[in-house]
Amino acid sequence: MFKQKKRVDANNFCQFCRTRHCKGRSLGLHPKKTFNRSFSMRLTRYFLPVLKDTPAEASIASHRLMLRAGMIRQASAGIYSWLPLGFKVLRKLEDIVHEEQIRAGHIPMLMPTLQPADLWRESGRYDDYGKEMLRITDRHGRDMLYGPTNEELITDIFRNSVNSYKELPKTLYHIQWKFRDEVRPRFGVMRGREFFMKDGYSFDIDEAGALHAYNRHLVSYLRTYERMGLQAIPMRADTGPIGGDHSHEFLVLAKTGESEVFYDRAVTDMKLGDRVVDFDSVEQCQAIFDEFTTPYARTDETHDEALFNEVPEDRRMSARGIEVGQIFYFGTKYSKAMGAEVVMPDGSRKPVEMGSHGIGVSRLVGALIEANHDDNGIIWPESVAPFGAGIVNLKQGDSAADAACEGLYQALTKAGIDPLYDDRDERAGAKFATMDLIGLPWRITVGPRGLKNGVVELTSRRTGETEEMSPEAAVDRLTQIYANV
RNA sequence: CGGGCUAUGGCGCAGUCUGGUAGCGCGUCCGUCUGGGGGACGGAAGGUCGUGGGUUCGAAUCCCGCUAGCCCGACCA
């Protein structure tokens, strides 16, 4: 849709996702034209059905705002259509997840939403999963199900294609719709029945390898969330009947979170930042894992009061959190049950060591809004904003204002900012309210009054601070801001 | 799965108790005046009152069944 300026520098920043050492280009993840996530738009041509009133069914901020901002519409309980604005954000999150998975050396693929029941009978989960699993019978009377997760399917693929230890390790992942027939869906996309999730599956020859995969995922997840402008804290999670210490959940702190969490305040000061990570380095991944998991951080499920009390009192925090991801090492649970084995150097056969690792992509949209909103609406971080900036024409039909807006629209589009130009014949107040509601991080306000002095206004949605400057300076400023996102 | 509640135009609601012409605000459409935080005036469109049955001369309203949705809790990415 637009030509990105070439950016090659010593740090090897990717010119598309603007992060270091991105492998996305070579893997085709950064196509030159991206039609469903990166484009400018004139509001009169877009589909943005915003609501002035809050629909009665929405009780929490993210649900309310997603409905009001025209991001989603409910199709039935816990099942949503993603309208253009919501879809754009969802795709941006998906891109970030892909980029960070590729960077960590994981391999993208795609599995179907419908799966044969037989595979689940092999693992024993067809009966264990209960009513949460949506079961379907096809015309031949064959038992099918809408996948709530994909361990069985990926293990089946693996066992049919991999025979030797030489082919390990491998981590395969996909980002796909899942369905869990929740008893009580609620909170909009935060607890839907249908949800969009990245789920990755690691295969290793031994426990040490599997634990490196585990650590590698933890590190890559840290960066994934940070790039979205979120602080997600890895917390020791309940491993359930499988046992062991190897599961962590990533929690975003938010008042409306469903989980009660306890942590050492030190964890909220930690950041992976843009340090260069060698994901093949066992030592480095282990060191980062240790760094981020040593301070106390647990959900109520694993909370240990005695241990918690060893944290200095002024750093002991309790809060609520939204779970946006989980990593899990479960060893040979599925490989044994389903016969996923490799031949070892000595000729023996060994079930592979597995782990599964998930990021709730659709839930993240809700979590982001929970963490970033005010009374007027959403406040998107730059990295996930559906449009980089909004252009508000205060007097549609005024030739100077129209021309200035048009010029800004072209220039911002060319700079890759993806502006949304509110060219409706509406009053200023209505335009401001819409912009605040949909939460674009920057707004350029253009009116005849300012234009007489050659200036427009650049306003930050987050701080509300407004600066007057020439249109050219505004474009430069935004280009600068987005170059570092 | 336990407990509570709701269903009337695109959204928010009144009307139901006490049966009788479906109503209000917002939004939408057209026009005029406007023009820096959801403006004013005039006009218009839009509803089998969730659904099936029953009572009645007559049902949004009363009775029975069903469905969908929301909230609290237990469960879960």
Side-chain angles (χ1 to χ4, degrees), chain A residues 49-60 63-64 67-68 70 73-79 97 129-133 147-150 175-200 221 232 237-238 240 247-252 257-259 299-301 321-328 356-367 375-377 392-398 401 422 424-437 443-452 455-457 459 464 466 468:
Chain A
V50 298
L51 304 174
K52 208 164 169 179
D53 296 308
T54 303
E57 75 259 21
S59 60
I60 67 166
H63 189 193
R64 198 166 61 230
L67 289 167
R68 285 197 54 210
R73 285 295 182 267
Q74 179 169 293
S76 93
I79 302 178
V97 172
Y129 224 94
K131 286 187 162 183
E132 286 219 337
M133 184 151 74
T149 175
N150 284 61
I175 305 181
Q176 174 68 301
W177 293 96
K178 307 287 185 294
F179 195 92
R180 294 184 190 172
D181 201 357
E182 295 275 342
V183 199
R184 178 151 105 82
R186 65 191 116 165
F187 305 147
V189 299
M190 299 249 288
R191 173 161 303 287
R193 291 196 292 171
E194 188 182 49
F195 58 99
F196 200 49
M197 180 167 103
K198 170 260 158 184
D199 44 324
Y221 281 21
D238 198 0
S247 182
H248 280 82
E249 294 176 335
F250 285 77
L251 277 293
V252 171
E258 290 192 82
S259 317
T299 65
D300 51 359
E301 287 173 348
I322 301 164
E323 189 191 335
V324 293
Q326 182 161 18
I327 53 177
F328 210 115
S356 64
H357 315 92
I359 293 180
V361 181
S362 51
R363 172 180 286 185
L364 269 167
V365 180
D375 291 345
N376 295 326
V392 168
N393 187 344
L394 289 174
K395 192 164 183 179
Q396 209 70 41
D398 176 276
D422 190 344
R424 296 172 300 167
D425 186 17
E426 285 286 344
R427 298 176 69 79
K431 292 190 177 187
F432 289 143
T434 299
M435 281 297 172
D436 287 350
L437 176 62
R443 185 185 80 209
I444 301 183
T445 309
V446 181
R449 194 184 295 171
L451 287 175
K452 268 180 204 157
V455 297
V456 297
E457 289 166 19
T459 304
T466 292
E468 292 195 340

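Convention: sequence-line order gives letters A, B, ...; per-chain numbering from 1. Excluded from the calculations below are hydrogen atoms, water molecules and symmetry mates; all remaining heavy atoms, backbone and side chain alike, are included.
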First of Ala75(A) and Arg363(A) reached from the 5' end of RNA chain B, by closest nucleotide: Ala75(A)

Quote, to the nearest angstrom, the C1' distance that separates G42(B) from U61(B). 36 Å

With C1' as the reference atom in both, quote the distance from A7(B) to G12(B) in angstrom, rounded to an integer. 14 Å

Would you classify Thr149(A) as touching base, sugar-phosphate or nothing, given that sugar-phosphate means primed atoms plus P, OP1 and OP2, and contacts are heavy atoms under 4.0 Å? nothing

Heavy atoms under 4.0 Å, any strand shown: does Thr434(A) hit a base, just sugar-phosphate, or nothing? base

Spacing of Glu57(A) atom CD relative to G50(B) atom C1', expressed in whole Å: 15 Å

For C29(B), what is the paired nucleotide under Watson-Crick or G-U wobble rules, both distances under 3.5 Å? G43(B)

Choosing from G27(B), C75(B), G37(B), which nucleotide comes nearest the side chain of Arg186(A)? C75(B)

Would you call Ile79(A) and Gln74(A) a side-chain contact if the rule is heavy atoms closer than 4.5 Å? no

For Ala428(A), answer base if it contacts any base atom (sugar-phosphate contacts may also be present), sugar-phosphate if it contacts only those atoms, and nothing otherwise; contact means non-hydrogen atoms under 4.0 Å. sugar-phosphate

I want to check something: taking the side chain as every heavy atom from C-beta on, are Val189(A) and Arg363(A) in contact at a cut-off of under 4.5 Å? no

Could you tell me whether a side-chain N or O of Lys431(A) sits under 3.5 Å from a main-chain N or O of Asn393(A), the two making a donor and an acceptor? yes

Which is true for Arg68(A) with a 4.0 Å heavy-atom rule: it touches a base, it touches only sugar-phosphate, or it touches nothing? base

Determine whether any donor atom in the side chain of Arg193(A) lies under 3.5 Å from an acceptor atom in the base of G69(B), or the reverse, and answer yes or no. no

Touch check for Asp199(A), heavy atoms < 4.0 angstrom, all strands: base, sugar-phosphate only, or nothing? nothing

Whole-Å C1' distance, A60(B) and C17(B): 14 Å

Provide the distance between the two C1' atoms, one in C70(B) and one in C30(B), to the nearest whole Å. 38 Å

Across every strand shown, the nucleotide meeting Watson-Crick or G-U wobble geometry with G19(B) (both distances under 3.5 Å) is none

Rounded to whole Å, CD of Glu426(A) lies from C1' of G37(B) at a distance of 13 Å

Could you tell me the separation between the CZ atom of Arg64(A) and the P atom of C70(B), rounded to a whole number of Å? 16 Å

Categorize Asn393(A) for me: base, sugar-phosphate, or nothing, with a 4.0 angstrom heavy-atom threshold over every strand shown. nothing

Examine distances only and state if a side-chain atom of Arg73(A) and a backbone atom of Leu67(A) form a donor-acceptor pair shorter than 3.5 Å. yes

Can a donor-acceptor pair under 3.5 Å be found between the side-chain atoms of Gln396(A) and the base atoms of G35(B)? no

Could you tell me the separation between the CD atom of Glu468(A) and the P atom of G36(B), rounded to a whole number of Å? 15 Å

Specify the separation, in whole Å, of atom CZ of Arg427(A) and atom P of U34(B). 11 Å

For atom C1', what is the distance between C62(B) and C49(B), given to the nearest Å? 16 Å

State whether Lys52(A) places a side-chain N or O below 4.0 Å from either non-bridging phosphate oxygen (OP1 or OP2) of G27(B). yes

What does Glu249(A) touch in the nucleic acid at a heavy-atom separation under 4.0 angstrom: a base, only the sugar-phosphate, or nothing? nothing

Using a 4.0 Å heavy-atom cut-off across all strands, classify Gly192(A) as base, sugar-phosphate, or nothing. base

Heavy atoms under 4.0 Å, any strand shown: does Lys131(A) hit a base, just sugar-phosphate, or nothing? sugar-phosphate

C1'-based separation of C57(B) from G19(B) [nearest Å]: 12 Å

Would you mind pulling out the nucleotide paired to G69(B), Watson-Crick or G-U wobble, both distances under 3.5 Å? C5(B)

In plain terms, say whether Asp199(A) and Lys178(A) are close enough for a salt bridge, that is, a side-chain N and a carboxylate O under 4.0 Å apart. yes

Looking only at atom types and distance, does a side-chain atom of Arg68(A) sit under 3.5 Å from a main-chain N or O of Leu437(A), one as donor and one as acceptor? no

Taking a pair as Watson-Crick or G-U wobble with both distances under 3.5 Å, which nucleotide is matched to C75(B)? none

Quick check: on RNA chain B, is the nucleotide nearest Val446(A) upstream (toward 5') of the one nearest Arg184(A), or the reverse? Name the residue that is more 5'. Val446(A)

Taking atom P in both C11(B) and G38(B), compute the distance separating them and give it to the nearest angstrom. 25 Å

Heavy atoms under 4.0 Å, any strand shown: does Arg424(A) hit a base, just sugar-phosphate, or nothing? nothing

Using the P atoms only, state how far U56(B) lies from A74(B), rounded to an integer number of Å. 49 Å

If G58(B) has a Watson-Crick or G-U wobble mate with both distances under 3.5 Å, name it; if not, just say none. none

Quick one: does any side-chain atom of Tyr129(A) pair with a main-chain N or O of Pro148(A) as donor and acceptor, under 3.5 Å? no

Using a cut-off of 4.0 Å on non-hydrogen atoms, how would the nucleic acid contact of Ala433(A) be classed: base, sugar-phosphate, or nothing? base

Give one of base, sugar-phosphate or nothing for Gly358(A), where a contact means two heavy atoms less than 4.0 Å apart. nothing

In this structure, how many angstroms lie between the C1' atom of A74(B) and the CG atom of Asp300(A), rounded? 13 Å

Can you measure Asp53(A) atom CG to G25(B) atom P for me and round it to whole angstrom units? 14 Å

In the structure shown, which nucleotide is the Watson-Crick or G-U wobble counterpart of C24(B), with both distances under 3.5 Å? G12(B)

Among all residues two or more places apart in sequence or in another chain, which pass the side-chain hydrogen bond (donor to acceptor under 3.5 Å, both in side chains) test with Ser356(A)? Glu151(A)

Out of the candidates Leu451(A), Val456(A), Thr445(A), Val446(A), only one should pair with Leu394(A) under the side-chain contact (heavy atoms from CB on, under 4.5 Å) rule; please name it. Thr445(A)

Under 3.5 Å for both donor-acceptor distances, Watson-Crick or wobble: does G37(B) have a partner, and if so which one? none

In terms of side-chain heavy atoms of Val183(A), which of G12(B), G36(B), C1(B) is nearest? C1(B)

Looking for any heavy atom pair under 4.0 Å, which part of the strands does Gln74(A) touch: base, sugar-phosphate only, or nothing? sugar-phosphate

If I take atom CG in residue Asp422(A) and atom P in nucleotide G38(B), what distance separates them, rounded to the nearest angstrom? 15 Å

